[in-house]
Participant: 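Let me give you the structure first, and then I'll get to my questions.
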Amino acid sequence: MLAARSIRSSPRTETVAPSRRYRVILRFAFIHLVQTWWFELFLPRIGLGALSARGRADRLRRMAERFHVLAVRLGGLMIKVGQFLSSRLDVLPPEVTKELEDLQDEVPPVPFSEIRALAEAELGVGLDVAFSSFDVTPLAAASLGQAHRARLSPDDAAASGTEEVVVKVQRPGIETIVDIDLAALRRIAGWLSRIRLVARRVNMPALVEEFAEISLAEIDYLHEAANAERFAENLATDASVNVPDVVWERTTRRVLTLTDVTAIKINDTAGLLAAGIDPSAVASRFAAVMFAQLFGDGFFHADPHPGNLFVTVRTGSEAGPQAGTATSSEARSEAGPAWQLSFVDFGMMGEIPDSLRAGLRELVIGVAARDGKRLVASIEDIGVVLPSADISELERAMTQLFARFGGMSIADLRRVDEAELRDFAVEFGEVVRGMPFQLPENLLLVIRAMSLTSGLCTSLDPEFNMWESVEPYAAALLREERGDLAAHLGHEALSFASDVVRLPARLHSLAGRIEDGRLTVGTPQLERRMTRLERTARRVVWAIVFAGLLIAGALLRDEEPTFGAVLMVASAIPLSIAVITFRRP
């Protein structure tokens, strides 16, 4: 389903021939690459770096504005490119990302006659047969497709258990446009990869392929339908979340039919208040749902902007005891109505692989603990900071950030002296931009989802504190980490025990080989080795005792706090003996 966005009455895009479209994109890129080379590379080399730096902010802003105009003019993937680049804070300066973040996926609708022809060709029947009614005025229009409200035919409605639907239809010819745009982007990426300054900071061909993968998935509505079902299955136990059902009988690769869940837009605070819903409760619940996706199964909605989220009031028998709640009562008062968060548009979904999960766990713990050093170590593990980076400055900056602003909400930050905040932002920004880093492929959508979540929650509740929303998950991760530590110690204890059990046999074998003349060694060396083996055996025994007491104390601490504490304290004795034995020559 498309986001429900307003549709402008006057067209702003142009119909450009495919070959000309390719040339227009390349010409724009070439002109601005030459301009960038002149100001950022050539002038500094001849001693005019100060002149170049003086007008850099305005120059970058004008470049972003020109791209904004180009994207609106061409439509297609160019609008997606602007939205994609606006999230690449690791690659682009803030002058560019700020201009592009306002680029909305709003384009004039396709004439209904073209939509009708494509939908009927895909479905194999006329719209008047497939649907009992079909609204000719689109609910929403975007660069890749547009959505219309409709009613299923009586037979389909009986089979699917629903009548009101939203039909998303791909824009005619969009596949060709996507192919052309991707070809142009790959050509530009090839140019950029030959520039050492760019290649050192970002792998442009890989970045384009990442964007291509996301874009091609978005125009395959069967893929989106599968995403919607998987998302619904993952959240099936959460009564406060509503996901539209897929009407497979009326779904193809270019037509997607979903049950209609549009309701109060999540950022419509007036509408929420009129329905008796507290916007701050919506913010709290929305953040909890997003974090559950990110730190639960790792399959998450990567485009949670206001157009893709609704708040649905549940009435009568629909309202269960847990509906619309963050815990059992956070999201509604006793007098207020139950409500649900309704998600739409599942073309852009993210998945966190196991290789990234451990690094993100450390990052969340570092943020919640206000531990700058641990946070920097986690982004190193994730691969954000390149190996050539000197992380000492970044650690210092993060430590200062947590010391001064850690735990503050946006509202708290607004009360900080403006000059202090500006000076710190400039210093911190210089440190971050000076680091050789980029976002790994699998992390881009995570950052996008977190950024949109934070912005939307703050718009609903100016006092919203992202730190507090993260802390419950960090606490759970810490408990999991302690469990992993106990398991690790147990594994080590078993390993030590195994070594002790095998040690006499090894010594006996070694002595037998010497007696039989099958081992030729010098007596002094043999004595030293035997002494080393004996010392190792003693150390292993004490280590086993230490691990056993420590693990037993940790396991018993909840049920028998005193006895558990005694065992944990007693474990220090064998540990000390093991350390002394280790240090003794």
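These numbers were taken from a predicted model, which means no experiment stands behind them.
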Participant: Quick one, L222 with W248, criterion side chain to side chain contact (heavy atoms under 4.5 Å, CB included). Give me CA distance, side-chain angles, the key distance, then yes/no.
Facilitator: CA-CA 9 Å; L222 291 176; W248 285 103; 4.0 Å; yes
Participant: According to salt bridge (Lys or Arg N to Asp or Glu O under 4.0 Å), who are the partners of D156, at least two apart in sequence or on a separate chain?
Facilitator: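 If we apply the salt bridge (Lys or Arg N to Asp or Glu O under 4.0 Å) test to D156, skipping adjacent residues, the hits are R250.
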Participant: Yes or no on side chain to side chain contact (heavy atoms under 4.5 Å, CB included) for K80 and F211, after CA distance, side-chain angles and deciding distance?
Facilitator: CA-CA 9 Å; K80 292 289 184 182; F211 176 70; 3.8 Å; yes
Participant: Are the side chain of H148 and the backbone of V167 linked by a donor-acceptor contact shorter than 3.5 Å?
Facilitator: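 Looks like no, no N/O pair under 3.5 Å.
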Participant: Not counting sequence neighbours, which residues clear side-chain contact (heavy atoms from CB on, under 4.5 Å) with M348? List them please.
Facilitator: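 Applying side-chain contact (heavy atoms from CB on, under 4.5 Å) to M348 gives I214, E218, A302, D303, L445, R448.
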Participant: Roughly how far, to the nearest 0.5 Å, is the CZ atom of R66 from the CE atom of M63?
Facilitator: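 CZ of R66 is found 7.5 Å from CE of M63.
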Participant: When rounded to the nearest 0.5 angstrom, what distance separates OH in Y221 from OG1 in T251?
Facilitator: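 Answer rounded to 0.5 Å: 11.0 Å.
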Participant: Got a sec, which residues hit side chain to side chain donor-acceptor pair (under 3.5 Å) with D297, two or more places apart in sequence or on another chain?
Facilitator: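 If we apply the side chain to side chain donor-acceptor pair (under 3.5 Å) test to D297, skipping adjacent residues, the hits are N234.
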Participant: Have S280 and D461 got a donor and an acceptor in their side chains that come within less than 3.5 Å?
Facilitator: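 There is no such pair between these side chains.
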Participant: Do you know the tightest heavy-atom contact between A263 and V311?
Facilitator: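 Answer, listing the atom of A263 first, then V311: CB-O, 3.4 Å.
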Participant: Work out which heavy atom in A189 is nearest to a heavy atom in V208; give both atom names and the distance.
Facilitator: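 Nearest heavy atoms, A189 then V208: CB-CG2, 3.6 Å.
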Participant: Output every pair passing ring-ring contact (aromatic ring centres under 6.0 Å, His included) with a member in residues 158-183, not counting sequence neighbours, ordered by first then second residue.
Facilitator: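 Counting only pairs at least two positions apart or across chains, no ring-ring contact (aromatic ring centres under 6.0 Å, His included) contact touches residues 158-183.
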Participant: Have S153 and D155 got a donor and an acceptor in their side chains that come within less than 3.5 Å?
Facilitator: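 Result is no, nothing qualifies.
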Participant: Check whether Q170 reaches the backbone of L144 with its side chain - one donor and one acceptor, N or O, closer than 3.5 Å.
Facilitator: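 Here the side-chain-to-backbone pair does not exist.
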Participant: To the nearest 0.5 Å, what is the distance between CG (L185) and CD (E209)?
Facilitator: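 These two atoms lie 10.0 Å from each other.
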Participant: Would you say the side-chain atoms of S454 pair up with the backbone N or O of M450, donor to acceptor, closer than 3.5 Å?
Facilitator: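 Not at all, since once roles are kept as given, no pair shorter than 3.5 Å links the two residues.
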Participant: For the backbone of L139 and the side chain of R149, can you confirm whether one donor and one acceptor N or O come within less than 3.5 Å of each other?
Facilitator: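 Absent.
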Participant: Can you give the donor-acceptor pairs under 3.5 Å from side chains of residues 111-122 to other protein atoms, not counting sequence neighbours?
Facilitator:
residue: R116; atom: NE; partner: E120; partner atom: OE2; Å: 3.1
residue: E120; atom: OE2; partner: L127; partner atom: N; Å: 3.0
residue: E122; atom: OE1; partner: T252; partner atom: OG1; Å: 2.6
residue: E122; atom: OE2; partner: R254; partner atom: NE; Å: 3.2
residue: E122; atom: OE2; partner: R254; partner atom: NH2; Å: 3.3

Participant: Once salt bridge (Lys or Arg N to Asp or Glu O under 4.0 Å) is applied, do any residues pair with E164, and if so which ones, sequence neighbours excluded?
Facilitator: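 Per chain and number, E164 pairs via salt bridge (Lys or Arg N to Asp or Glu O under 4.0 Å) with R151.
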Participant: For the pair T259 (side chain) and D245 (backbone), establish whether a donor and an acceptor sit closer than 3.5 Å, ignoring hydrogens and angles.
Facilitator: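 At least one qualifying donor-acceptor pair exists.
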Participant: For L77, is there any backbone N or O sitting under 3.5 Å from a side-chain donor or acceptor partner on D181?
Facilitator: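 Confirmed, D181 side chain pairs with L77 backbone.
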Participant: Please check if the side chain of S132 supplies one atom and the backbone of L152 the other of a donor-acceptor pair under 3.5 Å.
Facilitator: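 Yes; judged by distance alone, with no hydrogens or angles, the pair exists.
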Participant: Taking H301 for the side chain and M290 for the main chain, is one N or O donor matched with an acceptor at less than 3.5 Å?
Facilitator: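 Side chain of H301 to backbone of M290: no pair is present.
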Participant: Angle between ring planes, F231 versus F343, binned at 30° and 60°: parallel, tilted or perpendicular?
Facilitator: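 Taking F343 first and then F231, their aromatic rings stand perpendicular (interplane angle over 60°).
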